[in-house]
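First the proteins, then the strands, lettered A, B, ... as listed; each starts at 1. Heavy atoms only: backbone and side chains are in, while hydrogens, waters and symmetry mates are out. All figures in this text were calculated on a predicted structure; none of them were measured in a lab.
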2 protein chains.
Amino acid sequence: MLTSSVENYLKAIYYLQHESGWANTSAIADHMTVANPSVTMMLKRMAAMQPPLISYTPYEGARLTPAGEKQALEVIRVHRLMETFLVRVLGYTWDEVHADADRLEHASSPLLIERISALLGDPVRDPHGEDIPDRNGLLPNRSELPLTNLIAGQSGRITRVAADRPEILRYLGEIGLNLDVTVEVLEKAPFEGPLTVHSSESGSDHALGREITNRIFIDAAH
Amino acid sequence: MLTSSVENYLKAIYYLQHESGWANTSAIADHMTVANPSVTMMLKRMAAMQPPLISYTPYEGARLTPAGEKQALEVIRVHRLMETFLVRVLGYTWDEVHADADRLEHASSPLLIERISALLGDPVRDPHGEDIPDRNGLLPNRSELPLTNLIAGQSGRITRVAADRPEILRYLGEIGLNLDVTVEVLEKAPFEGPLTVHSSESGSDHALGREITNRIFIDAAH
DNA sequence: AACCTTAATTAGGATATGCTAATATTATAC
DNA sequence: GTATAATATTAGCATATCCTAATTAAGGTT
Ligand SMILES: [Mn+2]
Ligand SMILES: [Mn+2]
Ligand SMILES: [Mn+2]
Ligand SMILES: [Mn+2]
């Protein structure tokens, strides 16, 4: 069985790889709040495991092997199931779930995972709209685009919020930008300026910087 | 925060201390399936912590300090809440809960604990009839006696089953010896022989060795 | 009192994971 | 194309936890 630490590295590498195709040392170190040499060491170990979880090229970075990707998706599945459980069964808000899910994801047996999934009706999205890999690690394809890409006058349904900082999630919730809410872009300031959006849920308008609108995703099937 | 390992030692020491007043090195080693020198090392560390979790006398053993007992009761509280959750919410049987609870007990935040407890209605007993310490680590007093102590003709309600091996729990469940079931002692063989008992639940009779009847507890308020 | 048995500790190592400081490599900038 | 900045690796160390083998202490026996 993999240690918690290895599982956390797998997740970090998975995310980085899906952003930019590669996971380099400093990006992993950043993501995990760990020093660079710790990452180098761990990458070597993970590449030396039987079977290897990553392929590692010094000075370039790491990529998941099929075995590594399978394990990563399993951890991500458990993480997202746990988040969903915490919100739906224990009444957490979407900004409260991350730290607890990050520990629970390493403490689950196959039985626990199955039972949690069944209890929730085999959910396909977590509280942030992230896809939950199925038992076999499969993810659905979906079409969405960042809120930033809408032009003034366009509207759409929020399908996912990729903001990692809890404060941002709490703020968005407070102003009525939750999953499945329809938003309309009223104004889009030039020079990478803020977007003014209207929430159908709260009925109020808010100006949001692109740091945030880049992380709010809208159903592309307009 | 304490490591999982330290939390497991705390539990082991708590149980041994409540059986015999002391927790000596080999007993702890046995209980934890760990070698003796590992225990000696850990006891030294736990006694050196700030505040100390145990008092440790070389060649004699360990005892929990008040701080250590508080922490131990907290871990036990979480363990038993998790067991209760696994049975009541996820449909585990009482013989399936232990290993999972043993991992989950180390992965819980104060919020998680409160929410789980609230979801279950602040339960006071776990699926084996063990008392769940309350938020402040307080345990109720209760009066019970081992099934072994009943004489032929006497009957009583099962309040607790302290069998640790899952196979025993599964067996007892199968023959209808569950919590709150009323049992009658039909026969008690001499020379530490078996007890023949009748279960009101299954309506059937069974001969049980004293290894087992010593671990089944009966409400003493006959 | 010397002896033996059992239990516990000490010695010496191993593994997993992290850190800082020093060094090497790669990429960028003139 | 060399100098510089940025990244990454190596070296050297630390902590937590476990192990086996060797030694020591405690307690009971003759
Ligand atoms: Mn994690
Ligand atoms: Mn999520
Ligand atoms: Mn445990
Ligand atoms: Mn129990």
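Atom pair A/Met46:CE and C/dT17:C1' shows a separation of 13 Å (rounding to whole Å applied). For the pair B/Met42 CE and D/dC19 P, the interatomic distance rounds to 11 Å; values are reported in whole Å. Atom OH in A/Tyr56 sits about 11 Å away from atom C1' in D/dT10, given to the nearest Å. For the pair A/Glu60 CD and D/dT9 P, the computed distance is 10 Å after rounding to whole Å. Going from atom NZ of B/Lys44 over to atom P of D/dT15 covers 16 Å, rounded to whole Å. If you take CG of A/Asn36 and P of C/dC19, they are 10 Å apart, rounded to a whole angstrom. The CE-P distance, from B/Met41 to C/dT9, rounds to 9 Å in whole Å. Look at OH on B/Tyr9: it is 14 Å from P on D/dA16, rounded to the nearest Å.
Residue B/Thr3 places no side-chain N or O under 4.0 Å from the OP1 or OP2 atom of D/dA16. Put simply, A/Ser5 has no side-chain N or O that comes within less than 4.0 Å of OP1 or OP2 on C/dA16. Checking the phosphate oxygens (OP1, OP2) of C/dT9, a side-chain nitrogen or oxygen of B/Thr40 falls inside 4.0 Å. Between A/Arg45 and C/dT17 there is a side-chain N or O to OP1 or OP2 distance below 4.0 Å.
At the heavy-atom level, A/Val34 lies under 4.0 Å from the strands shown only through sugar-phosphate atoms.
Salt-bridge formation is detected for the pair A/Asp102/A/Lys11: a Lys NZ or Arg NE/NH1/NH2 atom is positioned less than 4.0 Å from an Asp or Glu carboxylate oxygen. Salt bridge A/Arg77/A/Glu114: present, at least one basic N to carboxylate O contact under 4.0 Å. For the pair A/Arg160 and A/Asp131, the salt-bridge criterion is not met [side-chain N within less than 4.0 Å of a carboxylate O]. Ionic pairing of B/Glu130 and B/Arg125 is not present here: no N-O contact between side-chain nitrogen and carboxylate oxygen is shorter than 4.0 angstrom. Salt bridge status for B/Glu105 with B/Arg80: absent, with no side-chain N to carboxylate O gap under 4.0 Å.
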Any N/O pairs under 3.5 Å between the protein and nucleotides 22-25 of chain C? List them or say none.
{"unit_1": "C/dT25", "atom_1": "O4'", "unit_2": "A/Tyr59", "atom_2": "OH", "d": "3.4"}

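For B/Phe85, the ring-ring contact (aromatic ring centres under 6.0 Å, His included) partners two or more places apart in sequence, or in a different chain, are A/Phe85.
Side-chain proximity of A/Thr25 to the nucleotides C/dT9, D/dT20, D/dT9 is greatest for D/dT9.
Using cut-offs of 30° and 60° for the angle between ring planes, the A/His206 and A/Tyr171 rings count as perpendicular.
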